[in-house]
Each structure stands twice: as C-alpha cells, then as structure tokens.
Protein chains: 2
Amino acid sequence: MKSVNIGICGLGTVGSGTFNVLARNAGLINARAGCDIKVTAVGARRDNANCDTSQVSVERDIFALTRRPDVDIVVELIGGTTTAKELVLQAIANGKHVVTANKALIAEYGNEIFAAAQKQGVCVAYEAGVAGGIPIIKALREGLSANKIEWLAGIINGTGNFILTEMRDKGRDFADVLVEAQVLGYAEADPAFDVEGTDAAHKLVILAAIAFGMPLRFDAVFTEGITEIQPEDVVYAEELGYRIKHLGIAKQREGGVELRVHPTLIPERRLIAQVNGVMNAVMVKGDAVGPTLYYGPGAGAEPTASAVIADIVDVARSIGSAAENCVSALGFASETIVDPGVLDINDIESAYYLRASVLDQPGVLSSVAQIMSQRGISIEAIIQKEPRAGASDVPLIMLTSATREKNLRAAVEEIEALPSANGPMVTIRLDSLDA
Amino acid sequence: MKSVNIGICGLGTVGSGTFNVLARNAGLINARAGCDIKVTAVGARRDNANCDTSQVSVERDIFALTRRPDVDIVVELIGGTTTAKELVLQAIANGKHVVTANKALIAEYGNEIFAAAQKQGVCVAYEAGVAGGIPIIKALREGLSANKIEWLAGIINGTGNFILTEMRDKGRDFADVLVEAQVLGYAEADPAFDVEGTDAAHKLVILAAIAFGMPLRFDAVFTEGITEIQPEDVVYAEELGYRIKHLGIAKQREGGVELRVHPTLIPERRLIAQVNGVMNAVMVKGDAVGPTLYYGPGAGAEPTASAVIADIVDVARSIGSAAENCVSALGFASETIVDPGVLDINDIESAYYLRASVLDQPGVLSSVAQIMSQRGISIEAIIQKEPRAGASDVPLIMLTSATREKNLRAAVEEIEALPSANGPMVTIRLDSLDA
C-alpha cells in the first residue's frame, strides 16, 4: 500500500484536533484513502499537552517541514498571512502538496499561491477554510459541477450568527451578547474580524471564485458588519415574517457579479433562517439542481480537523496521478478562469427594510410614498407604530421592492431631508432567497 | 484536451434532462472537467421530443452502446433491475465506465456490480441514486472521510414527505393527500414504492454502505410505510413539540448496525424537521465533525441530471489514472469492507410515541405506568384527553424513554390486554436526533 507522509505546522486548536483525529481514526481513514497516511513530523514552537507527539519528529522551526524528504503534504495550521504565506510558498517551491485551513491566506493570496502550485505540479487544498466541517468546497467544486451557479448565500461566521440568534431569542442588544460571546470563547478579544464581517468576506470570496470560475477578488467584496443592528429592528423584522442574518451573498448578474457581506432580512420560512447559534450553512442555487443547502459546525477543533483530513485524504489519494486527473484549485481549468468584474455596491439590486423616525402628523406617509414612487420603488409592506408616551415621533417601517442600491440611497436621502423626518434612517438589505 | 465520450441509455425524464443540461452547460462543464465531454450516442426505444438528438447516433438497441468504441462512459437511465442490470454488467464487461441513477439496481445488486467493475478496472458512479441533486454520496464518501459516522437520518423520499407535510399543514388525511400527489405527478399510479418505504430503503442501504464501509444489505433493512399515519397523531405529536417524518435511519451500535425506514417523531426545533414538501435532506453525525445536514430537491429531471453529470465529470476526469488514485465504489478499499451485521428490528433501541384508547375510569393510568415501569421504560411525557361527547374511552398519549424494541412491544401487548384498554395501540418510533 502506498505510504503518504504528513507534516503538520501549528499545534494550536486546529492543529492538535487534526493530529488527534488522524490518530484516533487512522484505520478508518487509511481504508478510505486506500493508502497509509502517517504524520511524520510536527512543526510547532511549543508542545501542546493535548497531543502525544512522542512518535513523530517535532521541529521548532516550522520551515524545516518544507524541506524534509519524509514529508509529502505540508499542513499549514498556523494562521495569519505573513509567515503562513511564506511557509506555503516555500513548501510548494520544494514540491510539497499543501493543505490549509487558512481562509485569509487563500482569499488574499490564493491567486498567487494557486499559480505557484500549478507550476510545480502540486495541490493546494483548503476545504477547512470555509464553513469549518461542512464539505462545501467539495460540494460546489465537484458535486454541483453540472450547474451554472446563479447565486449563493451563507451564514459563514458562527460568532456573528450566535450574536444575532441571542438578540432575537432573548431580545438582548448587540454589545451585551458580544461580551458573552467573548466569555464563551466564540469571539476574539478583538472581535472586529467576526462582527465587522472580514472573516465572512474571506470565505465569500473563496466560495464565489469556485462557484463562478473567477479569480479571488478580496479587494472587491463589500463588507458591512452587525454592530449597528438594533433590537427593535430584529423585532420589526419578525413582525413582518423575517429574520435578520449576517449573510455572505454572491450573485451572477448582467455586467458582473455581486460580492457582499451584510446583515440581511430573510423570510423566516426559509430553512437557512432556522440556522441558529454558532452553526453555519450555505445555500447554493444552481440552474439545474435548484436550491440546495449545506449545514454544520463552522468552527472548532474537530469539525475543522474533519475538513483538513478530508483534504489530506484527497491529496494523498491523488499522489502519483497526472494533473489532468486531479480537481484543480478552483475547480476550473486555470485557462478558463475569467474575471467577470465585481459590481460596486451602488449597482447591486436588492429589496430593503427601512426604518424612519418621523413626526406623528398627517401627510408624512404620503410624502414618503411619493418619493419612493418617483424612483420606481414599490412599498411592499409597511408598519406604522403609535408614538411612545410623550414622544412626538413614530417609527415608520417599510419593505421595498428590489431596486438598484444607488436609487434606494437617493430616495433615503430625500426622505431624510423631509421636514417631518427625524434623524437618519435605518437601512437593511432584504433577500427573499427565492429559488 | 482529452476527449471523453458518453452514451446515454434511456431518454425518459432523467435521460432527457441529462442530455439537455450537458448541451446547455457544455462550456462550463468542460472547463470544470478539464476535458471535452461529448455525448456521442443515445440508446432509446423511441425519441423524446424534448431532446434534439440530430447530432448524435441514436441506437434503438440500448445494448449497442455497450459495444461502441466511441463510448467511454455508459450512462444507465432506464431504471428497473432486470434489463438495467444486464446492461450495466455488459458495459463493465466491455470495459466501459458506468454512471447510473438507479437506486434499486445499486441497493439490490451493487455488491455484484462493484466487484465486476473492480475486476475490469472501471468506475461505477451512482450519486443520482440517493436524494436526487444533493451531492450526499460525495459528502459522505469524501467530504467526511475523517469521521467515524455514528448515525445518519434522512428524508429521502419526496412523495412521502409531501404527503406528511400536507397532513400536518392542512390537517388532511393520508388517502386524500395521496390522490393529490398522484394528480401532481409526484406519486406513481401504484404508489407503494414511495409510501410503503421501499424507495427510501433502497437509498438508506446505499448511504449506510458508504457511511460504515459495509456491503449493501437491502435484504436486512426494516421498512415501515406511512400509510397508517392518522391525522390525530400528527396533531398530538405537534402538541408535544414534534413532527412526524418518514426517515431512513442507519446507526452504528454495539453488535451491529440498525437499518430502518419508518415514520419517526423528531423534535420540531431540529433543522431537518423544517424540511417540507417534496424536498429531501440527510443529517449525518460524524465523530469529528458533529452534526451536518444536506438539503435539496430529491427528484425531478434537472436535479437528478445535476447528480448524473457530476458523476460523469468525476469519471471523465479520472480516465487514465490508476485505480489507487480513484475513489472506490463505496469509498473504502474493497478489502476493508466488512459486514458488521444488521440488527433485527426487535433489537434496535428507540424512544417511542404511544397512543392507547382506554376507558375513562380511575386506575387506568396507574396500570399502564406500572407495566412500563416493570420493564424499565420511563414515561417522558403524557397527554390524557377528555372523552369526546358520548364516548366512554379516551386517548392516552405517551412518550417513552429509549428501550429495546422487543421490550417495548412486550409492554404494548400487556397494555393492550388490560380490561380498560380498547383496541390496539398506535406505536411510532421517536428520535431526538441529538448531536
């Protein structure tokens, strides 16, 4: 039986999870791979008490793994985009295959890394980079290969979804839940990566590249976080039959693709609206298959290890075969990858949830409706609340038909300029996720 | 670029769907496959007005496709297990790769077919056989290869799910909805295959073989249909926080595996409980990844074509590579496949929903509780209704703790023998699908 040797760089949460699952399920994994997968070396600055590394070489200099003749696959689990990039490029230059869980690295430097790998005839696999243990890269790249992917929409940051779930279920506000997420270890001390949407943007860029056969365009993704979501908007959305989820959305349009991460109202009857807590899910609409959805844990030691090892098995199995017999990095022959252009956020089309604070006096609604109508925007639903005791202004909540974002923004500006309007409006995009 | 030639046998719903999607998305599919996939021949007793076959050879004798030198992959879409089996074995004998959507064929004759294919060094792919367009075979066989699969549970028959959804949403009864399903074309004129569970059993057997690395054991799957489900049980289940779904369940246990298809109460908060209408979903619990779920259309021309073509692309890409570089039929090296034994239904463990009709008199509940308690079965929830006007009996509804089925059956017999019991009890298995 063919033997394939693995070097694991990084023994943190994911590294130790990968090491331990490989050991625990070795028989099963080898039976599936049809070869003998062995961890020969580990590169880590310090030991991890959760891992018994007594049977493998331990290198304190992780770069040593890229040079060892007894390593066929370098597994990069150190994170970050500086040392990790250097390590991965070094491994490729030395003819090693690479498996990584590093979404930032792939989203930001994937084009360069994949080109280098192709030149060297090695694989770079990154299933664990998106949605943790869910085999979404494989589903998109291979399982749906018959389809023109029309759009995809994903809950791809567990921390953000945990916060929004708590806000809805318990009526709590953002800042309050964020503190709890930090205590529970879901969010980093600096949670910006999660709640500002950068992490989701990394993943979305990867999904879109595979779905549409385009380069990784992290530079062009529009990103809006969940920090401004108010509990009252969660409640009004609910009244209207919607949930607010932080989605990464990629759509094929005439003239380019939309790539955007932002809070989104979605109908509560959609399956993805029921995805709660730290769980992830990605909905994919293909022209042949219709709507599909993939759900599972988006983070954690062993869920991520599950994806890392699936990649190791795929790469190990393919060692010795010609490049034409392997799935390419983005699932498209590299010469067929074209950049369709990414639409500016002003040029996307969306429906919207709007909340204005207006004076409780006659004629306001008619002025608002007139502004919308002049711009060809239909009001699909409206809630007008009674004023709170002693207040002179009332919240006016509307759902609009789909329109171009710049058209909506112009309408919002006009409404905000009305004498009866009181302060800036709340604007949240809405997607019915219609199949 | 490598050229791969396809022969499609059968031009019915799935055959014409496959033909048309291959034509419509040819550029995209070839870009993903990295080779030129061409339909060179079609085998069909008659033409299909939906397909323009003017550019391909049309054979009235489908067996001719297994002999044509210009066919590399025979795509079997004729259905059934007699001619289809002969065709597939003939194709294999002639060194052709095979792609099929035929679950009955694989579930009943897969062991024989896979052995023949391995001997000839050809692939047999069957993604479309389970859950239509959902790439569940790929997810299980490759995406979750790191995992010991502990259990899986699937809504894998769309007709049955449509009927149960209508019964719940509209309070209709089984027979009434079945007629509508037939009018809508979901159910066959003879709907037994769907509503008695045979179709789901075929699919479950395939899923279990891949999940556990065991032979296909269609002979051993326990199958119970949905024909006996009463509207009142749907209502009581709802009151208790559950939905009734027709599930295929496969579980690893000490001493063997459970393979069973039957109506099942599942907690309404589980994502899979929200899968409605003709849609399919499969929940898979791996030891590393935890719970995952895969959702999409389980039938239809183009969803099924999506899976057929994904297989064609995989097989086409692998042509020219060594067997050790390919995923094997069940995802396990054939010499590692062992039969763990399938547990008799009497030896499975499950919780249960029970409904008895009992006389409205003191002491009944205590007799029932005593019988349960003597057998170590806890009553987890109970509903006792007031008698209907003029009736002397009342329904008594209970949820039990998990116990061995034979233990539960013995308790049910004892309860039915009580003087206060009125007729046979309703027994439906319950699974919390705990992760």
Side-chain angles (χ1 to χ4, degrees), chain A residues 2 17 21-22 24-25 28-29 31-35 127 132-135 138-139 141-148 213 271 274-275 286-297 300 302-303 305-310 313-314 317-322 324-328 331-333 336, chain B residues 2 17 21-22 24-25 28-29 31-35 127 132-135 138-139 141-148 213 271 274-275 286-297 300 302-303 305-310 313-314 317-322 324-328 331-333 336:
Chain A
K2 181 171 76 175
V21 174
L22 274 171
R24 186 174 78 222
N25 291 345
L28 187 67
I29 291 167
R32 286 198 176 111
C35 58
E127 176 69 77
I134 308 172
K138 185 172 281 288
R141 206 167 58 164
E142 304 169 40
L144 302 180
S145 60
N147 292 268
K148 179 172 191 254
L271 200 61
Q274 312 295 328
V275 171
D287 70 334
V289 75
T292 59
L293 178 140
Y294 309 84
Y295 163 90
E302 293 214 351
S306 172
V308 169
I309 296 170
V313 169
D314 277 359
R317 195 190 285 115
S318 78
I319 286 179
S321 60
E324 66 167 15
N325 297 128
C326 298
V327 181
S328 51
F332 282 79
T336 67
Chain B
K2 181 171 75 174
V21 174
L22 274 171
R24 185 174 78 223
N25 290 346
L28 187 68
I29 291 167
R32 287 199 177 111
C35 58
E127 176 70 79
I134 309 172
K138 186 172 280 288
R141 206 167 59 165
E142 303 170 42
L144 302 180
S145 59
N147 292 267
K148 179 171 192 256
L271 200 61
Q274 312 294 329
V275 172
D287 70 335
V289 74
T292 60
L293 178 140
Y294 310 85
Y295 163 90
E302 293 213 351
S306 172
V308 169
I309 296 169
V313 169
D314 277 359
R317 194 189 286 115
S318 78
I319 287 179
S321 60
E324 66 166 15
N325 297 128
C326 298
V327 181
S328 51
F332 282 79
T336 67

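Chain identifiers are assigned alphabetically (A, B, ...) following the order of the sequence lines, protein sequences preceding nucleic acid strands; residue numbering begins at 1 within each chain.
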Applying side-chain contact (heavy atoms from CB on, under 4.5 Å), can you list everything that pairs with B:A310, at least two apart in sequence or on another chain?
A:S145
Got a sec, which residues hit side-chain contact (heavy atoms from CB on, under 4.5 Å) with A:A139, two or more places apart in sequence or on another chain?
A:Y294, B:P135
Measuring heavy-atom distances to chain B, does [X] have an atom under 4.5 Å in its side chain, in its backbone, in both, or in neither?
X      : answer
A:C326 : backbone
A:E142 : both
A:T292 : both
A:S321 : both
A:V327 : both

Bottom line for B:I319: the part with an atom under 4.5 Å from chain A's heavy atoms is backbone
Looking only at side chains, do A:D287 and B:N25 share a donor and an acceptor under 3.5 Å apart?
yes
Non-hydrogen atoms of A:E324 and B:R317 that approach each other most closely
O-CG, 3.5 Å
Considering only heavy atoms from C-beta outward, does the side chain of A:L293 approach that of B:L293 to under 4.5 Å?
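When only atoms from C-beta onward are counted, B:L293 and A:L293 do touch, with a gap below 4.5 Å.
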Shorter than 4.5 Å, heavy atoms on both sides: which option in B:S328, B:G34, B:G331, B:G296 has the most such pairs with chain A?
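Going by pairs under 4.5 Å, I would pick B:G331.
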Taking every non-hydrogen pair under 4.5 Å, which of A:A322, A:G143, A:G286 racks up the most with chain B?
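The candidate making the most pairs under 4.5 Å is A:G143.
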